[in-house]
Amino acid sequence: MTVLEQTPGRDESGARPTPPTAGWRPRTDPAPLLPDETPFRLLGTGARLDKRRKELWRELYRGLVHGRRYNRQATALTRQGRLAVYPSSTGQEACEVAAALALAEQDWLFPSYRDTLAVVARGVDPVEALTLLRGDWHTGYDPRAVRVAPLSTPLATQLPHAVGLAHAARLRGDDVVALAMVGDGGTSEGDFHEALNFAAVWRAPVVFLVQNNGFAISVPLAKQTAAPSLAHKAVGYGVPGRLVDGNDAPAVHQVLGEAVAHARAGGGPTLVEALTYRVEAHTNADDATRYRTDEDVAPWLGHDPVALLEAELRNRRLLTDREADAIAEEAEAMAADLRGRMNTDPALDPEDLFAHVYAEPTTHLREQAAMLRGELAADAADDPDRADTPARRRATGRDDHADDHRQNHQERAA
Amino acid sequence: MTVLEQTPGRDESGARPTPPTAGWRPRTDPAPLLPDETPFRLLGTGARLDKRRKELWRELYRGLVHGRRYNRQATALTRQGRLAVYPSSTGQEACEVAAALALAEQDWLFPSYRDTLAVVARGVDPVEALTLLRGDWHTGYDPRAVRVAPLSTPLATQLPHAVGLAHAARLRGDDVVALAMVGDGGTSEGDFHEALNFAAVWRAPVVFLVQNNGFAISVPLAKQTAAPSLAHKAVGYGVPGRLVDGNDAPAVHQVLGEAVAHARAGGGPTLVEALTYRVEAHTNADDATRYRTDEDVAPWLGHDPVALLEAELRNRRLLTDREADAIAEEAEAMAADLRGRMNTDPALDPEDLFAHVYAEPTTHLREQAAMLRGELAADAADDPDRADTPARRRATGRDDHADDHRQNHQERAA
Amino acid sequence: MTTATSTPARPAPPGGPAPTTMAQAINRALRDAMAADDTVHVLGEDVGALGGVFRVTDGLTAEFGEERCTDTPLAEAGILGTAAGMAMYGLRPVVEMQFDAFAYPAFEQLVSHVARMRNRTRGSLPMPLTIRVPYGGGIGGVEHHSDSSEVYYMATPGLHVVTPATVADAYGMLRSAIASDDPVLFLEPKRLYWSKETIDLSSPPACEPLGRAVVRRAGTSATLISYGPSVSVCLEAAEAAREEGWELEVLDLRTLVPFDDETAAAAVRRTGRAVVVHEASGFAGPGAEIAARLTERCFHHLQAPVLRVTGFDIPYPPPMLEKHHLPGVDRVLDAVARLQWESDHTEGGAA
Amino acid sequence: MTTATSTPARPAPPGGPAPTTMAQAINRALRDAMAADDTVHVLGEDVGALGGVFRVTDGLTAEFGEERCTDTPLAEAGILGTAAGMAMYGLRPVVEMQFDAFAYPAFEQLVSHVARMRNRTRGSLPMPLTIRVPYGGGIGGVEHHSDSSEVYYMATPGLHVVTPATVADAYGMLRSAIASDDPVLFLEPKRLYWSKETIDLSSPPACEPLGRAVVRRAGTSATLISYGPSVSVCLEAAEAAREEGWELEVLDLRTLVPFDDETAAAAVRRTGRAVVVHEASGFAGPGAEIAARLTERCFHHLQAPVLRVTGFDIPYPPPMLEKHHLPGVDRVLDAVARLQWESDHTEGGAA
Ligand SMILES: Cc1ncc(C[n+]2csc(CCOP(=O)(O)OP(=O)(O)O)c2C)c(N)n1
Ligand SMILES: Cc1ncc(C[n+]2csc(CCOP(=O)(O)OP(=O)(O)O)c2C)c(N)n1
Ligand SMILES: [Mg+2]
Ligand SMILES: [Mg+2]
């Protein structure tokens, strides 16, 4: 039996439709696919922790502190003109960090444009992760090497990629899970729907993490969907839907971890909705006062992922002042390093514009590259007699340079 | 309070997101949105009928018989080359007819490419309804006059149109419901998702009818979705999902009627899944033996919508032999009329190609129309001296006809 | 993501000439159209409270209510598809696509329905839709925020495609687009949003109708043909060209579909030399059609082939490199220099 | 809906020359590619048991299993998007879009990802995807079944766009497309599916590489430039033209991107006159680029402007009218006649 034949949608009769008998029943039981009424939480529940989990919670804390600092630093870099734009995930660090930590080495992460932090938490160099946002033309990191897809700007379009990659890995017999991140707004796109459906039909090892942070730029969730929750979308694909407090890092990690394990075991995809909040404006260029008030934000400031975890760790005596200070210092050093390395413009070679459009540049692109090279050389040449007359810079390969050019011209001028 | 502010997704605080308190609850109760475990049925349930319903059932029966005959006749017309293609709805007549009858005069129908029968059942001339399938360039009927959108070939693309139209009518304060039809395959398209979501958020008066006929051309439902049922998709939009035996015409009519009434009363959209079966091949051009056997089809032939209703009516003594014969004769006459009127090619004017591309043909299109007119005139002219040399047919407005043409040419030739 | 401005497009004061940005002029055109005709509805992502990421719809929801200016769910096919349905009911929707590249999800709705609905229904269901698309580069946008997608629309029969190059045109052409009974792609050059003119929007200057090109600068040596964001580049180049002894004519096409053959061909015949300038990639770009059709119509007047100065045939470059991609004054002048001037050829012969 | 054929594209017998249809040649190319490379996966709507609505994938699932040739859910963006993901993992997906117009839902995936992924990742994530699109008219298809959508792809940097005109090319070019490390739009002229050639697919005839145009008929009077479904029209026209005393050269472009400037320009320079012929609409159609670039390169060799014979600028017409829309022999000859022949002009002068 092949992988595809094991998919859950298929009954024994293979491709045959359900007969029209009075005994028609749903093809799978919907009950276990529906999310719980309340979001899953761990912080404040008095959950018992073994040693491994204690370590994990501390590691999560470290990630949150670094993440918070990273967000702050990146936003500062936009003000200094060192980044073209930065969509901060302040307030959402629990989701970002837990997503990265839920994956094994060989797994793939498919981040959305807001998820630089998850990319960094996965181990990508903090400067490289900012390459696109900096105004450079490429992802910076090597996606195949780090198993992190490019940050996806067109919303929800990365979700089918995650499905295809996970499906391909499964077909090849490889143990790879893909985790794809999307926002509440992104769930409205057709690509979200198609990705979920393909994943379910193919039983692909994918985990979909929706960060419901309340807004799509200025548009609040109520204008985005009328669903009981976004996790309720899962049943429509025959996929389990899970709801989690997105500011409770251990809870997010646990739900994602279970979903990853389920996928790894051949159980197929899971849709996870994490309830969180975008504390800052959409990006540095946005003015959030136009669509929400400080009062709207306030309750969420009291439910801060960093503060929540820190309080719990201190309560449980899993974090000393000294340790907290050390982590803060480390984060400070990371920020200083980031600042320093972002302080210079990257050296971009204009000819790279043509280098990777195709495996081999076409003749046509080589001509264009040559033209640009010529222009740059002319600009660089300081000799004013040669450089100031644009007419001196000529592209080649045109008919006016053909052998019979002059002759033709003379006929014409005659 | 405006229409949009009454939408269910919005709590009192307007655009503000739910606070992150432990008291988080689904924004609407999912339970009533979930479909029943078994499809709704009326035939064979001993339901009591008042006079109005008796009349309705007889009317439905008449529609089914006509519909069945229409499908048969149209398929025959493809064999005679009178129709370019015909996607038959044989076996699905209950859905087609009930959909049309569930609507009031002022309502709109948005059919899919397979739903010619629903269009005819709504009252459109049987020949006009076939115009596009015949190979003509337009819908035949006037969509605005009959409130039937063009049969939609690109799958699921008509669903957002239905939402937009219903929403527009509601904004204008008009009492209009839109009923949009789509196949099981069509539910996989992004447009299905986006239409359902917009409808729910806007609380638009739309009813979505999915005819789950088991196949999308050759692809069986199991490869289309892993959902418990297609009706389970509804909860993910905050919309009620209903499941009905699609071969039970009174049941389909009742479920659709309730959904239409709900929409009319401002309750918003409903998603109805009708379980039915495509008894014939996808179209006359398809070869269904490649993907299913006669055995697969057999159980459905025993659950035929026409036979089911006829048996019930006869059981209940609501149909006499004489009445049944009269209806069959009527249907025969309709088919004869159809045959007769389809027996000639419609008179198409090639210049119509340019007539409705824009409100006013552009200069550019007028030139092209003139060129075609010239060609046709040349072809028509019997004078062989004039017509046989293509070079005699000249388009106008080119530079070779400019005033200085000859002069230029002579310069050049010099 | 979105490189937005935080400067609101505050409408110009109601009376008298005042410095006005293109964003403000578009905003005013929307307001005036909505006030004049209650079937005009604006919809899109963030067009409500936020006023759009470029603030072009600023204040419309406040003035006309959420039903007239509506924040939609985030789904472009859904936006255009529902707008098509609204148009089927007789409304005049004005749709905002947040950025050029984010109009692509709506491509099927556009090509298969919006462009063809009138035709398929013999005029029973016209599509009086306006689709506003901020397009083009030069604003330092990250990837997917600077595409010049006009040729996709030009190649689709049934659509009108227009783009303003001046503030006054932005107002007048948008009013005309909204009034049109056909679907109009109204392409807004992003980097001109903040360009200013002193105009009186309470009595807007007369504007040529859609479908007419306009000569922005008269000249005799050669004709620069352009539209939208590249018109100002051409005007600058024409200024600079005087040093070289050239008097360049500058034609602003304004409407790409339907194309104003008469004005464009006349301009080319006048000078006998022409260069088409645009930001979009050259290969199969807008300039291909412009060059091809003008050559068909003016062949014997041409002293040299119609040349094209365009973006390269590459994915739109990032902020740090876009200056190399965008047609600039130098590149335009280089092309003019290649138009086979006699003096040039003498030189050439001597070289 | 789908105007399908019920004649299966039964593969030609394994050895020796045999009459083979284009559909069979494509089928064989897919089989051979799948047999040669287990990373080649076919996916699309109805490509499995049915073998595709044109039977082009006939037998592949039976031979290679459902995992290698997969019936997908009905969602084109999903098909192309998941295929892109498979390519990211190193597979070589071959995607079937059932008909031209049904590729539009995948437009965003194509333009924003498939065409740009290699560039954005500096080659780390190439997209060795082949996207098969049956295109063009002439088969009596109802609306949305006969679009010539090639210009949308030509205008998108990062894609290769190819289309065969002969059975042998269909085989060879598809093998090359699948072997390419870049995304290739492989456009299959629907009405040539049943065209036949006698070839030996067990040792397929050598085929020019992608990127090369081929002269299908030598001539001296003028050059007809075409591709895909219109090449045979041009050959027929060339035959008929002899009566008029013209010896027409016929160039089959084969690859639209990258364009074979060298061969095409040489052909045009040889005759000094050229007509571009295609089914797609003319305005901003493929012929615009072809005419514009050949004029740029051959201006002084041209005795007349490069003319275009194309579909009208209208939505693709219905079966009953398509004959008026499609470029036919007469219309091609009319255009040739307008290429300003001397004899002609003498006549013209006398008229
Ligand atoms: C297809 C597409 N449409 C529009 C945009 C413009 N845009 C960028 S971010 C954004 C809002 C995203 O909201 P959400 O999905 O909730 O993610 P969040 O920003 O909250 O992380 C929009 C509309 C886009 N990037 N892609
Ligand atoms: C967007 C789009 N993709 C593909 C097709 C080709 N096609 C026509 S009918 C069909 C199957 C439709 O299946 P379903 O939605 O279940 O409707 P049914 O034919 O069963 O009525 C397909 C794939 C199409 N018409 N539109
Ligand atoms: Mg959000
Ligand atoms: Mg079906």
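Proteins get letters first, then strands, A, B, ... in listed order; numbering begins at 1 in each.
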Largest heavy-atom contact set with chain B, pairs under 4.5 Å, which of A/A298, A/S188, A/A227, A/A231: A/A227
Engaged part of A/L243 at the chain B interface, taking heavy atoms whose separation is under 4.5 Å: side chain
Test item: side-chain donor near acceptor, B/T289 and B/D287, under 3.5 Å: yes
Pair B/D184, B/Q224: side-chain N/O donor-acceptor within cut-off below 3.5 Å: no
Choice from B/P26, B/P35, B/G246 maximising heavy atom contacts with chain A below 4.5 Å: B/P26
Check: B/R27 side chain, A/T225 main-chain N or O, donor-acceptor pair, under 3.5 Å: yes
Contact origin within A/L196 toward chain B - heavy atom pairs under 4.5 Å: neither
Residue B/F198 versus chain A: region with a heavy atom under 4.5 Å: neither
Side-chain donor or acceptor of B/H193 paired with backbone N/O of A/D191 under 3.5 Å: no
Portion of B/L33 that has a non-hydrogen atom of chain A nearer than 4.5 angstrom: side chain
Structural part of A/T276 lying under 4.5 Å from a heavy atom of chain B: neither
Expected output: side-chain A/E194 to main-chain B/G190 donor-acceptor under 3.5 Å: yes
Options A/G302, A/A234, A/G241, A/P228, ranked by heavy-atom pairs under 4.5 Å with chain B, top entry: A/P228
No-hydrogen, no-angle side-chain donor-acceptor test under 3.5 Å, A/H232 and B/Y237: no
